[in-house]
Asks: 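Starting off with a structure, shown below.
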Amino acid sequence: MIAVAQPSVTVRRRRRALAAAAVWAYLILNLAILHLMFVTAGPPAHNVFGQVGRLLGLYLAFTMTVQVLLVARLPLLDRAFGMDRLTGWHRWTGFTVFWLAILHPAFVIVGFARYDRVPVLTTALTLSKQTPVLLGLIAVALIVVIVALSVRIARRRLSYEAWHGVHLLFYVVLVLGIGHQVYEGTAFTINPATKIYWWGLWVFALGALLTGRLIVPLIRNNRHRLRVAAVVPESDDVVSVHVTGRDLDRLRVRSGQFFLWRFPGHNRWWQVNPFSLSAAPNGRSLRLTAKGIGTTSAGLRDLPVGARVFAEGPYGSFTLDTRTGQSTLLIAGGIGVTPIRSLLEDPDLGPGAVVIYRVRRGADAVLLGEIRNLARERGARLHVITGRTGGTNQPFTPANLHRLVPDITARDVYVCGPHALTAAVLSTLRKLKVPAGQIHAELFRLAA
C-alpha cells in the first residue's frame with residue numbers, strides 16, 4: 001500500500017477556512033453586482049410585479065450558475081467540504097432554482113396582465129407565443145419534473161439509475177435557460193461591461209462543468225486504461241470487483257474515497273453508481289465492493305474479466321486527512337463497511353483504533369475475515385454486534401456506546417452505514433459531547 005503525506009490539522013483547517021471565505025466572497029460579490037445591474041438596467045418595469053419579476057429572473061440565472069458549479073464537483077470544494085455536504089448544497093440549491101423558476105414568470109405575467117388590464121391567463125397565452133418565453137416555460141416545466149422526482153417520497157420509488165437519468169434533464173434546462181437569456185436578458189445588455197461580466201460568469205461555470213465532468217475524467221481514464229481483473233462473490237448478494245490499470249500509483253486517491261463507476265459495454269452509458277473503495281489503494285489495483293440493490297450493482301457479478309471500466313473521481317473527504325488527533329473509532333453498518341475496511345488498512349491509521357461492525361446476522365458481515373486480520377495487524381480492537389435492535393440490544397445509546405469506548409470524546413469517529421444507524425450514532429455522539437470536528441460521516445447523499 002502507498003503512504004501519502006498527511007497535512008497537519010492546522011494546515012487542513014486553514015485550507016477549509018480559505019475555501020469557505022472564497023465561497024462567501026464569490027456569492028456576495030456576484031449578488032452585489034446583480035443588484036447593481038438591476039438598478040441600472042434602464043427603464044423600470046411598468047409596476048412592482050414586473051420589477052420583482054425582473055429581479056427574480058436575475059436571481060434565477062445566477063442560482064443556475066451556482067448549481068452548475070456544484071454539479072461540476074470541483075476538487076477544491078470536494079477536498080474542503082466533502083461530497084456529502086456539497087450534495088446537500090446541490091439539493092437545496094435545486095429547490096431554490098425551483099421556486100425562483102416558478103415565481104419569476106408568475107410575477108412577470110401578473111405584471112403585464114395588470115398593466116394591460118387583461119386576465120392573467122390571456123397574458124400567459126399571449127406571451128407563450130413568443131419563442132424566448134416559450135423556451136423559458138419549457139425549462140420551468142422540466143425543472144418541476146426534476147424536483148418532483150427528487151422529493152423523498154418519489155425518490156424512494158425510483159432506482160438510482162432512473163433518478164440519475166431524470167437529472168440529465170438539467171442539461172436540457174441549461175440550454176433552454178441560456179437561450180431564454182440571450183433574447184430576454186435586458187439587464188445583461190446595458191453596456192459592454194455587463195455583457196462581458198454576465199457571459200463570463202456562464203463561461204466560467206460551464207467551463208468548470210466541462211473540465212470536471214468530461215475533460216479530466218476522459219484524460220484520467222485514457223491514462224489509466226482501467227479493466228476488470230477479477231470478480232469475487234463475498235456473499236449471496238455482495239460482490240467485490242478488482243480493477244487494474246496503468247500507472248495507478250499516479251492516481252491521487254485515499255482510503256475512504258469513492259468513484260462514480262461505469263462499465264461500458266456491460267451497462268448503458270448513463271448507468272453510473274458511487275461505490276467506495278473497499279481496500280486501501282496500493283498503486284497496482286483498486287477494489288470496490290457492492291450489494292446488489294439497483295440494476296448496476298446487481299449486475300456486477302456478471303462482469304467479464306477484462307471488461308472496460310470508466311471511473312470518475314476520486315471524491316469524498318471521508319479520509320484520515322480530516323482527522324484531528326491520533327485516536328480513532330470506526331463504526332460500520334451493513335455494506336457501509338466498505339470505506340471503513342479501507343480506512344482500517346490505511347497506513348496513517350496507527351495503533352489503538354476501535355472498530356464497531358453492526359449487522360443483523362453474522363452471515364451479513366461481509367469482509368469480516370479481512371477486518372479481523374487487519375485489526376490484529378494494526379493493533380485495533382474489533383466489536384462485531386449482531387441481532388435485531390431493541391430491548392437490551394441497543395449498542396448505540398449513549399450509555400452503551402460509552403461503555404464500549406470509554407475514551408470516545410478523545411477520538412475521531414468515522415461512521416458509515418444505513419441511514420437509521422448513522423442517524424442514531426450521530427445523535428449519540430452529540431449527546432456524549434464529542435466535538436463536531438471529530439465526527440466524520442459518509443452519508444452517501446449522492447446515491448440517496
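In this chain, numbering begins with 1 at the start of the sequence shown.
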Asks: Give the C-alpha distance, both sets of side-chain angles, the deciding distance and a yes or no for side-chain hydrogen bond (donor to acceptor under 3.5 Å, both in side chains) between T389 and R358.
Replies: CA-CA 10 Å; T389 300; R358 180 73 171 101; 2.8 Å; yes
Asks: I'd like to check the side-chain hydrogen bond (donor to acceptor under 3.5 Å, both in side chains) partners of Y197; sequence neighbours left out, ordered by chain and number.
Replies: N30
Asks: For I178 and W199, what are the C-alpha separation, side-chain angles and deciding distance, and is it a side chain to side chain contact (heavy atoms under 4.5 Å, CB included)?
Replies: CA-CA 10 Å; I178 291 173; W199 296 116; 4.1 Å; yes
Asks: E234 and S240: side-chain donor and acceptor closer than 3.5 Å?
Replies: yes
Asks: Between V359 and Y357, is any pair of side-chain heavy atoms under 4.5 Å apart?
Replies: yes
Asks: If we only count heavy atoms from C-beta on, is the L288 to L300 side-chain gap below 4.5 Å?
Replies: yes
Asks: Does S278 form a side-chain hydrogen bond (donor to acceptor under 3.5 Å, both in side chains) with R287? I'd like the steps, not just the answer.
Replies: CA-CA 6 Å; S278 60; R287 187 181 76 171; 2.8 Å; yes
Asks: Would you indicate whether the side-chain heavy atoms of K431 and H402 approach each other to under 4.5 Å?
Replies: no
Asks: For the residue pair L277 and Q257, establish whether any side-chain heavy-atom pair is separated by less than 4.5 Å.
Replies: no
Asks: Begin from the C-alpha positions of L60 and M64 and carry the test side chain to side chain contact (heavy atoms under 4.5 Å, CB included) through to its verdict.
Replies: CA-CA 6 Å; L60 173 58; M64 286 185 67; 4.2 Å; yes
Asks: Quick check on R213: does its CZ atom have over 12 non-hydrogen neighbours (other residues, nucleotides or ligands) under 6.0 Å away?
Replies: yes
Asks: Does R284 form a salt bridge (charged side-chain N to carboxylate O under 4.0 Å, His left out) with D249? I'd like the steps, not just the answer.
Replies: CA-CA 7 Å; R284 300 182 304 275; D249 56 317; over 6 Å; no
Asks: Using only atom types and a distance under 3.5 Å, with no angle test, would you say the side chain of T289 pairs donor to acceptor with the backbone of V239?
Replies: no
Asks: Among all residues two or more places apart in sequence or in another chain, which pass the salt bridge (charged side-chain N to carboxylate O under 4.0 Å, His left out) test with D364?
Replies: R361
Asks: Among H224, R225, R220, which residue satisfies the side chain to side chain donor-acceptor pair (under 3.5 Å) criterion with N222?
Replies: R225
Asks: Test side-chain hydrogen bond (donor to acceptor under 3.5 Å, both in side chains) on W261 and E312 and set out the steps.
Replies: CA-CA 7 Å; W261 301 90; E312 184 183 335; over 6 Å; no
Asks: Do R308 and F263 meet the cation-pi criteria used here (NZ or CZ under 6.0 Å from the six-membered ring centre, within 45° of the axis)?
Replies: no
Asks: With a 4.5 Å heavy-atom cut-off, do P281 and S255 have their side chains touching?
Replies: yes
Asks: Can a donor-acceptor pair be found, under 3.5 Å and without considering hydrogens, that links the side chain of D78 to the backbone of G316?
Replies: yes
Asks: Classify the ring geometry between F81 and W89 as parallel (under 30°), tilted (30 to 60°) or perpendicular (over 60°).
Replies: tilted
Asks: Closer than 3.5 angstrom, by distance alone: can the side chain of Y414 be matched with the main-chain N or O of T319 as a donor-acceptor pair?
Replies: yes
Asks: Between L260 and N273, is the side chain to side chain contact (heavy atoms under 4.5 Å, CB included) condition met? List the steps.
Replies: CA-CA 5 Å; L260 298 178; N273 283 79; over 6 Å; no
Asks: According to side-chain hydrogen bond (donor to acceptor under 3.5 Å, both in side chains), who are the partners of R227, at least two apart in sequence or on a separate chain?
Replies: none
Asks: Looking at side-chain heavy atoms only, is the closest gap between H383 and V355 below 4.5 Å?
Replies: no
Asks: Is the shortest side-chain N to carboxylate O distance from E345 to R378 below 4.0 Å?
Replies: no
Asks: Is there a donor in the side chain of T322 and an acceptor in the side chain of H440, or the other way round, less than 3.5 Å apart?
Replies: yes
Asks: Might you confirm whether atom NE2 of H419 has over 12 heavy atoms from other residues, nucleotides or ligands at distances under 6.0 Å?
Replies: no
Asks: Under 4.0 Å between a Lys/Arg side-chain N and an Asp/Glu carboxylate O for D247 and R223?
Replies: no
Asks: If we only count heavy atoms from C-beta on, is the Y171 to V71 side-chain gap below 4.5 Å?
Replies: yes
Asks: Can you see whether D412 engages T324 through a side-chain donor-acceptor pair at a distance of less than 3.5 angstrom?
Replies: yes
Asks: Side chains of V68 and F170: closer than 4.5 Å at any heavy-atom pair?
Replies: yes
Asks: Judged by modelled atom types alone, do T409 and D407 share a side-chain donor-acceptor pair under 3.5 Å?
Replies: no
Asks: Report the C-alpha separation of L330 and V354 in whole Å, then their side-chain angles, then the decisive distance to 0.1 Å, and conclude whether the side chain to side chain contact (heavy atoms under 4.5 Å, CB included) test is met.
Replies: CA-CA 6 Å; L330 307 175; V354 176; over 6 Å; no
